Amino acid sequence: MPITPASTADTPDLSAAGGGRTAPEGAAEPVMLELVDENGTTIGTAEKQSVHLPPGRLHRAFSVFLFDAAGRLLLQRRALGKYHSPGVWSNTCCGHPYPDESPFAAAARRTSEELGASPSLLCEAGTVRYNHPDPASGLVEQEYNHLFVGLVQAELRPDPDEVGETAFVTAGELERRRAQREPRCCCRRAIRRSRSAFWC
């Protein structure tokens with residue numbers, strides 16, 4: 001199973017890639033997330049960190065599952081400097097759309113920012129309701145999660161501020177990782193849906 005560490009070489013400046021936007025004066029603006037009800041209907045917005053304080057507020061999110069030409073799923077290990085779930089193996093990419101951004105556009109944008117490669121043939125794979133408390137940070141995820149499945153064909157150039165390592169895994173290798181509670185950020189229904197698209 002090939003594992004690739006992130007490198008700082010030739011890495012673009014993605015200081016706003018964590019979801020923040022830059023104000024004209026150069027100061028980072030608060031990151032706002034879209035609050036939703038249990039049906040995924042928008043009901044308002046709230047600041048990102050406040051949304052994740054216990055017990056958490058339900059908000060819109062996305063999860064991306066990309067496969068290579070051999071049908072292996074791309075996983076990433078979150079960078080150790082991440083404020084939420086640092087050092088945890090996860091699916092290809094997770095994140096939140098801006099309030100004025102579609103989940104599809106956000107998924108494509110964030111995947112490119114984190115991994116330095118744009119997804120190919122990205123398509124929707126449904127939604128799941130995701131709830132997970134992070135014991136390390138004390139924060140809570142309450143997400144209405146839009147799932148996307150696609151291919152990765154370009155060479156990866158991960159942003160080391162976001163990604164510690166990457167790995168391509170077969171279905172069998174993923175099952176072994178899940179038995180060891182890795183990757184934690186992929187809920188089981190999301191994994192099943194990604195597998196149905198590429199490992200059927």
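Computed over heavy atoms, backbone and side chain alike; hydrogens, waters and symmetry mates excluded. Given the structure is predicted, the values throughout are model-derived calculations rather than measurements.
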Report task. Determine whether Val140 and Pro54 make a side-chain contact, defined as any pair of heavy atoms from C-beta on separated by less than 4.5 Å. Result -> yes

Query raised in the report: Just one of Asp37, Val36, Val51, Asn131 clears the side chain to side chain contact (heavy atoms under 4.5 Å, CB included) bar with Leu58, so which one?
Result: Val36

Report task. Using a 4.5 Å cut-off on heavy atoms from C-beta on, say whether the side chain of Phe148 contacts that of Cys93. Result -> no

Query - Interatomic spacing from CG in Leu53 to CG in Leu139 - rounded to 0.5 Å - result: 6.5 Å

Report task. Could you give me the CA-CA distance, side-chain angles and deciding distance for Asp68 and Leu74, then say whether side chain to side chain contact (heavy atoms under 4.5 Å, CB included) is met? Result -> CA-CA 7 Å; Asp68 67 4; Leu74 173 60; over 6 Å; no

Report summary line: Tightest non-hydrogen contact, residues Pro86 and Leu80, listed as CB-O, 3.4 Å

Requested in this report: Over all heavy atoms of both residues, which pair between Ser85 and Asp134 is shortest? Give the atoms and the distance, please.
Outcome: N-OD2, 3.1 Å

Report summary line: In short, Ser137 meets His84 closest at the heavy-atom pair OG-ND1, 3.6 Å

**Report entry** Heavy-atom check, side chain of Val152 versus side chain of Thr111, under 4.5 Å
**Finding:** no

Query - Closest non-hydrogen atom pair, Arg57 against His59 - result: O-ND1, 2.8 Å

Report task. Please assess Glu47 against Met32 for the test side chain to side chain contact (heavy atoms under 4.5 Å, CB included), listing each intermediate value before the final yes or no. Result -> CA-CA 4 Å; Glu47 191 274 329; Met32 304 301 290; 4.3 Å; yes

Requested in this report: Mind listing the closest non-hydrogen atom pair of Phe62 and His96 along with its distance?
Outcome: CE2-N, 3.4 Å

Query - Pair Arg60 + Glu101: basic N to acidic O under 4.0 Å - result: no

Query raised in the report: Given side chains that start at C-beta, do those of Glu162 and Glu113 come closer than 4.5 Å, heavy atoms only?
Result: no

Query raised in the report: What distance separates Arg157 CZ from Thr166 OG1, expressed to the nearest 0.5 Å?
Result: 13.5 Å

Report task. Show your reasoning for whether side chain to side chain contact (heavy atoms under 4.5 Å, CB included) applies to Thr92 and Phe67. Result -> CA-CA 9 Å; Thr92 307; Phe67 296 78; over 6 Å; no

Report task. For the pair Thr127 and Leu147, evaluate side chain to side chain contact (heavy atoms under 4.5 Å, CB included) and give the outcome as yes or no after the intermediate values. Result -> CA-CA 6 Å; Thr127 60; Leu147 308 180; 6.0 Å; no

Report summary line: side chain to side chain contact (heavy atoms under 4.5 Å, CB included) with Leu66: of Leu75, Leu122, Asn91, only one passes, and it is Leu122

Query raised in the report: Can the ring centres of His146 and Tyr144 be said to be less than 6.0 Å apart?
Result: yes

Report task. Could you check His132, His52, Arg129 and say which one makes a side chain to side chain donor-acceptor pair (under 3.5 Å) with Gln142? Result -> Arg129

Requested in this report: Check whether any side-chain heavy atom of Phe168 lies under 4.5 Å from a side-chain heavy atom of Leu156, and answer yes or no.
Outcome: yes

Report summary line: Looking only at heavy atoms, the pair that brings Leu33 and Pro97 closest together is CD2-O, 4.5 Å

